[in-house]
Amino acid sequence: MIATGDLFPSEPKRGRVATFVRRHPTIVAGGGILLLMVLIAVLAQWIATINPDKIAPIKRNREPTAEFWFGTDMLGRDLFSRVVYGARVSLLVGFAVAVCATVLGLLTGLAAGAYRKLDMVIMRLMDGLMSVPPILLAIALMAAVGGSVFNVILAISIAEFPRMSRLVRGLVLSIREQAYIDGAIASGSSMPKIIVKHILPNTLGPVMVQATYICSAAMITEAALSFIGAGTPPSIPSWGGIMNEGRMLWQIKPYIILFPAVFLSLTVLAVNLLGDGLRDALDPRAASRI
Amino acid sequence: GAASAESILRIKPSGDVKALDPMLGSDSMARNYGYMVYDTLFALDADLKIQPQMVEKWATSSDGKIYTFTLRDGLKFSDGAPITAKDVISSLKRWSVNDSLGQQMMTNGATFVEVDNRTFTLSLSKPWGLVLDALGKAGAPVPFIMPARVADATPPTTPVTDYTGSGPFMFLAKEWVPGAKLAFVRNPNYTPRAEPASGLAGGKTAKMDRVEWVIIPDQQTALDALGKGEIDINEDLSADLIPLAKETKGVTVAKQDDIGVAQQIRLNTIKPPFNNVKIREALLYAVNGDDFLAAVISDPSLGKACKSFYTCSSPYHTEAGFPSPDLETAKKMVAESGYDGTPAVLLDATENANIHAFVTVADQLLQEIGIKTKVEAMDWATVTSRRASKEPVDAGGWSIFISGPGGLDFLEPVGHLGLRSNCEKAWFGWPCDADIEAMRASFADLTNLDERKALAEKIQLRALQTVPYIPIATQYQIRTYRNDLSGLLTPPAPVYWNVERK
Amino acid sequence: MTNETPVLELRNLQKHYFLRPDFWGRPTATVHAMDDVSLALKRGETLSIVGESGCGKSTLGKTIVRLQDPTSGEFLLNGERADRLQGAALKAFRARVQIIFQDPFSSLNPRMSVRETLAEPLVNFGLAASRADIDAKIASLLDMVGLPRDAANRYPHQFSGGQRQRIAIARALAPSPDVIVCDEAVSALDVSVKAQIVNLLGDIQKETGLALIFISHDLAIVEHLTHRVAVMYLGHVVEEGARREIFGTAAHPYTRALISAAPNPTVEEKKPRILLKGDVPSPLAPPSGCRFHTRCAFATDRCRAEVPRLRPVGGDHSVACHYDFNRDGVLVQHAH
Amino acid sequence: MLTFVCRRLLSTIPVMLFIALFVFSLLYLAPGDPAALIAGDQASQTEIDAIRVTLGLDQPFYIRFVGWLGHALRGDLGISIFSQLPVTTLIGQRLEPTLSLMLLTVIISVCIAVPMGVLAAANQGRWIDRAVMAIAVFGFSVPVFVVGYLLSWVFAIRLNLLPVQGYTPLAEGFAPFLANLILPAIALSCVYIALIARITRTSMIDVLSQDYIRTARAKGLGQGPVLFIHALKNASVPIVTVIGIGIALLIGGAVVTETVFAIPGVGRLVVDAILRRDYPVIQGVVLLFSVAYVLINLAIDLLYTVLDPRVRY
Amino acid sequence: MPILNVSELRTHFRGERGPVRAVENVSFTLESGETLAIVGESGSGKSVTSLSIMRLLAGGRARSSGRIEFLGRDILSLGEGEMRQIRGNEIGMIFQEPMTSLNPVLTIGRQIAETLILHQHLSRAQARARAIEMLRLVDIPAAEQRIDEYPHQLSGGMRQRVMIAMALACEPKLLIADEPTTALDVTIQAQVLELMADLQKRTGTAIILITHDLGVVADVADRVIVMYAGRTVEEATTKDLFRRPLHPYTRGLLATIAKLGSSLDDNAPSRLTEIPGQVPSLHEFIPGCAFASRCPHATVLCRHTAPGFEAVEPGHKVACHHVERRLQA
Ligand SMILES: Nc1ncnc2c1ncn2[C@@H]1O[C@H](COP(=O)(O)OP(=O)(O)OP(=O)(O)O)[C@@H](O)[C@H]1O
Ligand SMILES: Nc1ncnc2c1ncn2[C@@H]1O[C@H](COP(=O)(O)OP(=O)(O)OP(=O)(O)O)[C@@H](O)[C@H]1O
Ligand SMILES: [Mg+2]
Ligand SMILES: [Mg+2]
């Protein structure tokens, strides 16, 4: 007489992989594409058959064919090879900026959040840096220090890290309010130790998510910088650079822009998806929602 | 309905005018601006012959040391004030400071004397054959005539801020948006000559009420704007867009002028590796202008790799002594030159597609003939300061930069920018050769064309030994414009009088 | 009772929070969170602090474990001044006075395993010589709080609320302190678990002679486990005494109202509730005189003007009220 | 409140000083010589040097900085090395296009992104949410110039509906003004829409799980009032914050957009100035940007008090 | 006719690790003017039961079965539009946290008036006047001024009174109060409970009072339902339940709870009675009695067969296989 049975059909049992895929489709998709891009970048030498820097003026501006899959540019260089090698610059810039900005952001953010006295100074400096639009800062830096991949990374990192710093500081301030920090103080931990053992690990979730956004923003900024001619030197193939070189021919030879644009968009998309996925996966509230 | 509305000509110029003062330096955009706003004493006609412009008549003393000029009657500045000999003298003095011909004129002891309102004399300490060439020169800086109050008050190193002019158009300072827009209206106080317009000479009749220069940074956007009639003229179309331009309805694609620009590889002759003349010579063998042109243009009519230090259209053009491209010889020469392996630093102004392409080709070429290279990417602004450095290449110096100055400065030996070999005073790269300098100086004294041609050839032969720079090719600038325009002139500087809408 | 020195003694302890800095950064508002509190705690004894939300209970707790510095006044641990300690001395002090918080969810670092959490005080206070020593000590701590030994390798989210509170207790016990402050340590727990934890604390106290400061607003639980009670109202201690005195013969009108308002799970006949009117005033602008006068049915002009001092009213019992009341809460006489 | 505003404004002075010094030293370190650019390609070193002296570019760093600072404090941002026009004039000319572009972008973005985010949040986990988020992420991923080119190709060239370039001041009529601005604003909106839609969604999801939303539902309110009256206002603080932060990004995007669509705005002014080393202009624009940033953020902080009665300064 | 008749209500959630059986077979009836208390520990399904009645559980993730008859209508089969007519109009609801249950950015006046405009179709002015009246009714001093204030400007007790005013604005037949006083201080709690009892006397509204505080139950409820792990284990009049608890869990619960006055007969602190063990996870399907794992009297039968929820005396229902034994004892 008592009704039993579940109101929801019981879910089919899945393997761990299948469960992960079902729960975090964005992480899987984003991670997958990103992995592919990393592979392309790492294996560029073997994937690209033609030297990307080899100019051949007679073969300039060819449409995509079996020989030149993505066609050639105005110097007759093979676009496919350049796009493949371009993955290196974009990914390098993306990852390196993410790492630099994260490290800088963590250092300053933790210091500001943990030590009241530093807070004012650091945050004013960050305000200052933030009030200059990243792209302008980057253009100015590039003008000052010259175009090289390293300088692009430096410029974008300087422009991006204040945001990370603010995020970390905010996290630190809220984590400091947690009772376990008081518990750690009562357990005799010193402030540096608390920062390292208690605060830092608990900022990592949001920081990682923010890092992915910085990574994607950096790739876009790199492209924009290259696009206005203030980015990586054009001798190094980068997606933004290829687009910049091809932008004039956009209406006659749209593929010159389109191929690198698709690669860039895919990569940025992948990193963004990964970030969104991570955010959902790491959100403690998501976890407590069962 | 031309009668009803104001007629406007909208032009996308080849670049922005950096400083609104055509006498300040050799910026060609400033010169183009100058032709809109100012007039000159003499000017080149369509056949590159010098014709009087503001001058009504002139005479030379028998010893060739005193010139007397009389201005046309009724000349007025745009503010209505009459143009006097005093204005002319002040303008010429200001001009001569920054112009190499002007400087030569001054070293020949030039002094100006005002005779009356319309007449003045120019006396020289010794005869000098280039007086009219100097006063009628079209390469920047051009001796434009401005009010004496402006010319006297503004040092030749500072841009003027009073834009009162003597030319067919008036500049509207109020509407000026630097970097974006310049507007001109017809100068009501200008009296054109009676002759028909020819080149930079003749009757400069402003047939449009208003001319606007609209700066559009993106080439593609500019061409689209032309196609849609948002602008009427698009100067300096990128060669790669020519096929698209040809497909665009209602648009004509044509050469801007027949002189073109002198694309060249400028070498730092005082620091290794190119202080070694053997290596420079090897480069003469290595460089094939056609290969370079192929990197930027598909249409062979848009450039010419004439093997000469003089531009292809120059009367002195000669290929005498010029080697044919031969990579093997070049390699051999480098091998024998005692090259110590110092890498050549190439300055790559990446925002300029042409320069970047040439640098890329040159880089590959140098490597092929066995010279180590290092390409440094930068913007043009950095190039302009970097090339002034006389440091060794590994201490912020340089070895090569690519430049394409207007061909006007490469027509004849005296005004020749590239051949100047007066050491420190020479153009960047500082070639140093007394022989060339002596021959250039004596060139001015010759008046006979054949003698001049012979001397020009001798200078070239000598230059092939000293190799002050490597000429690549003459490249023509392309102008596209709406089909409904007529009367477009093709002098070495783009000018917009005489243009009207059909 | 003997005359031994109290483990912990508070003398006129005061804590103000300064808020809303003006243009020059000077505070424009002061929260009088704890004013002039004097209390003493003996070894093996439980002192409960009761009172309504915001009356300064947690402020007191945090101050005596030196999570914050008092504004004025002093407190002594085993007869020695502890309110101004710094550096090594402060660290040594921390080992003697521990704290357990209300929320078992936020009081443990979610990223640290139970072992790491428990090892932290052991390492910091230099109480373990080696890894093996740490493991042994952790095992015995887990035994003490009734958790399985394999709990050491798990993380907080793998435990229920009651179990987490046991971990927190184990952490507090790790340096074998003299005093543990329990700030609402059982308030967030379910009834059936609450009993388990209260009993556990009692057992440990019996075993180790630990002194407890038990902060709570649950009067029934307090009455069950405590030796002495201090009643706070708006930062002041209004009444203090052995639990029998407080729950049997409360002298302060506020204490009486508090006890009568506490819901009692019984359907047998109860005394009528004393209903207080109005709300607790803001500690930003505490009322003059007796801070309770705005809600007190007996308030007089004197109450509005003069701050009553804690005065003994027989035995182990003091009250801060100008007046005396009989058993039924009727005003009997002028006292002072 | 007034105290708060004063404090905020005063505390920005060191920020500005820092920025000014930072940019100034950056420029000082930068190679490139405006004198050489003025003098033109063929000029000799002596001519260039002469120009440099008249422009005062030969003076040491600190003298130039202090001089600039002294003038700047008096509201005089100096004179452009090239055009010889006051920097304030130059900026003034360019302000309207840039402000209009940004304003239109913000309006378009907010009008599209907020409903998008609300919709996604209200349907969290369903396909509609996924679709909205996919669009948003995509907006992030495509560089603004690619969008710009595509838009202008489709609407200006193929369909011949709108001009491809240029700017018409508002004074010359709203229709031509809008015609010139709509494409660049849409191109620029992409990133911004993505940004706002994302934060709207997150913030709304947060708010929708709050107790007072349950209260509103328990009162019998329908989906619309619950989302737009009860939830959105609560979710607005982070949204507004992001809109503010986004304006800094917008300025960056504007630089590129202004180039593609040939809009004479501040972005192009500063890029040109950087490429030419027109120091006073760069300094002036950077100062303008930091002032704008500070004011925008101040405005947003003040807006908080309107949006959330709990916030008081 | 009873106002509310809930029979065999079951509500499950879709969880990542399979279904969460939050409510399993809850049945009760409620007469008008009556106060029914639902007690149980945290997670026992009290709130889910009330939210199921209001149909306020997020669609898609939650499903209910059984029957909820409100004034003869089956709530579970009503359309969303009809349901909205009931919410706030015929059934009012008060939530636990007065701090978070009021919208912080809207004035309290607006929040009260909103219901009136929606359901009673009053004009703004009328609704405002009525809102002021309601505030007076719940003893908020200076109601005219307070009405334009925001929730954060009120104390916790006042906020809860505003919640009550809001819930009662349309004079609902049924008021569901989910832990209305838990977050309040004892002295304030007493005020609020007094107020609710007072209002009920005046309006005759039936009340479902959800709480885990047996002290509150003893003070205000007519009848009590005890829930454990989503199931009802005992239902009785308040007096019956406290005097003669029949289910082992109820007994345990009553024994566990500290009662005031213990110090009067015993001088030293005393141990409280414990119920050993933990509440079972709602993820597991429990075939037998949910309390079996912690019950000292549990038998094999208890572990395998769920006991029915049956009346063992008039008005006293228990879900236990061994209740007879206890009745005899
Ligand atoms: N860090 C702080 N800054 C400013 N005011 C504070 C701070 N901490 C506490 N207060 C204020 O001090 C007063 C006392 O707070 P405290 O936390 O001690 O109360 P409590 O008795 O523990 O209350 P509860 O029962 O709610 O925990 C309160 O008014 C509180 O708002
Ligand atoms: N939205 C939901 N999704 C999944 N599970 C839920 C959801 N809401 C509640 N639950 C689960 O349902 C069970 C019953 O929850 P409910 O809120 O009814 O408990 P309660 O008796 O009200 O407890 P408390 O006294 O803590 O309020 C809990 O285990 C809870 O985790
Ligand atoms: Mg507290
Ligand atoms: Mg509940």
Side-chain angles (χ1 to χ4, degrees), chain B residues 16-21 24-28 30-31 97-98 100 139-141 155-161 176-181 214-218 220-222 224-225 227-228 230-231 351 378-388 396 403-406 409 417 424-428, chain D residues 30-55 79-85 89-90 93-94 97 145 148-149 152-153 156-157 160 163-167 258-265 268-269 271-278 281:
Chain B
D16 184 22
V17 187
K18 295 199 180 66
L20 281 193
D21 189 337
L24 211 52
S26 51
D27 179 30
S28 62
R31 175 202 58 186
V97 178
N98 284 337
S100 66
T157 48
T158 313
V160 298
T161 48
W176 185 27
V177 182
K181 188 180 142 192
V214 188
I215 291 149
I216 302 177
D218 190 281
Q220 177 71 61
T221 309
D224 291 341
K228 298 194 68 186
E230 292 170 24
I231 56 174
E351 82 261 37
M378 53 192 67
D379 56 8
W380 179 249
T382 308
V383 173
T384 58
S385 69
R386 180 79 176 268
R387 66 185 184 182
S403 184
D409 287 318
L417 180 68
E424 257 94 88
K425 287 195 191 132
W427 204 37
F428 304 99
Chain D
D33 184 352
L37 289 172
I38 289 183
D41 206 9
Q42 286 101 306
S44 72
Q45 193 58 47
T46 36
E47 286 163 38
I48 295 173
D49 290 341
I51 293 182
R52 188 178 301 128
V53 171
T54 35
L55 292 177
I79 284 176
S80 159
I81 294 177
F82 290 87
S83 64
Q84 295 291 307
L85 292 179
T89 310
L90 291 177
Q93 292 173 335
R94 306 292 194 111
F145 49 85
Y149 279 146
S152 104
W153 187 72
I157 300 179
N160 203 8
V164 287
Q165 54 86 38
Y167 174 76
E258 286 172 7
T259 306
V260 171
F261 289 95
I263 297 170
R268 251 178 74 198
L269 176 70
V271 173
D272 284 349
I274 290 174
L275 290 179
R276 289 182 192 171
R277 316 287 188 267
D278 197 343
V281 176

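Residue numbers begin at 1 in each chain, while the letters A, B, ... track the order of the sequences.
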Student: Under a 4.5 Å cutoff for heavy-atom pairs, which residue among E424(B), K425(B), R386(B), R387(B) has the most contacts with chain D?
Tutor: R387(B)

Student: Quick one: which of A222(B), P156(B), A225(B) has the most heavy-atom pairs under 4.5 Å with chain D, could you say?
Tutor: A225(B)

Student: Would you say that D16(B) contacts R276(D) through its side chain, given a criterion of any heavy-atom pair below 4.5 Å between the two side chains?
Tutor: yes

Student: Looking at A19(B), P217(B), A180(B), which has the largest count of heavy-atom pairs under 4.5 Å with chain D?
Tutor: P217(B)

Student: Do F82(D) and D27(B) make a side-chain contact, defined as non-hydrogen atoms from C-beta onward lying under 4.5 Å apart?
Tutor: no

Student: If you count heavy-atom pairs under 4.5 Å with chain B, which of A273(D), S152(D), A156(D), G265(D) comes out on top?
Tutor: A156(D)

Student: Which of the residues V17(B), T161(B), N98(B) is involved in the greatest number of heavy-atom pairs with chain D at under 4.5 angstrom?
Tutor: N98(B)

Student: For I48(D), which atoms come within 4.5 Å of any heavy atom of chain B: side chain, backbone, both, or neither?
Tutor: side chain

Student: Checking Y149(D) against D218(B) for the side-chain hydrogen bond (donor to acceptor under 3.5 Å, both in side chains) test, could you report, in this order, the C-alpha distance in whole Å, the side-chain angles of both residues, the deciding distance, and whether it holds?
Tutor: CA-CA 11 Å; Y149(D) 279 146; D218(B) 190 281; 2.5 Å; yes

Student: Tell me, out of T89(D), I157(D), D272(D), who's got the most heavy-atom pairs with chain B below 4.5 Å.
Tutor: I157(D)

Student: For residues K18(B) and S83(D), determine if any side-chain heavy atom of one lies less than 4.5 Å from a side-chain heavy atom of the other.
Tutor: no

Student: Looking at chain D, which one of D224(B), T158(B), D21(B) has the largest number of heavy-atom pairs inside 4.5 Å, strictly under?
Tutor: D224(B)

Student: Between atom OG1 of T259(D) and atom CD1 of I216(B), what is the distance when rounded to the nearest 0.5 Å?
Tutor: 12.5 Å

Student: Heavy-atom count around K228(B) NZ within 6.0 Å, excluding the residue itself: above 12?
Tutor: yes

Student: Given the options V260(D), I81(D), L90(D), which has more heavy-atom pairs under 4.5 Å with chain B than any of the others?
Tutor: V260(D)

Student: State, with a plain yes or no, whether a side-chain heavy atom of P264(D) is found less than 4.5 Å away from one of K181(B).
Tutor: no

Student: Given a strict heavy-atom distance threshold of 4.5 Å, which part of R94(D) is in contact with chain B: side chain, backbone, both, or neither?
Tutor: side chain

Student: If you count heavy-atom pairs under 4.5 Å between each of I215(B), I231(B), V160(B) and chain D, which one has the most?
Tutor: I215(B)

Student: Provide the closest heavy-atom pair for P178(B) versus L85(D) in the form atom of the first, atom of the second, distance.
Tutor: CG-CD1, 3.7 Å

Student: Within this structure, what is the CG-CD1 distance for the pair L24(B) and I51(D), rounded to the nearest 0.5 Å?
Tutor: 4.5 Å

Student: Measuring heavy-atom distances to chain D, does V214(B) have an atom under 4.5 Å in its side chain, in its backbone, in both, or in neither?
Tutor: side chain

Student: Between Q165(D) and chain B, with a heavy-atom cut-off of 4.5 Å, which part of the residue counts as in contact: side chain, backbone, both or neither?
Tutor: both

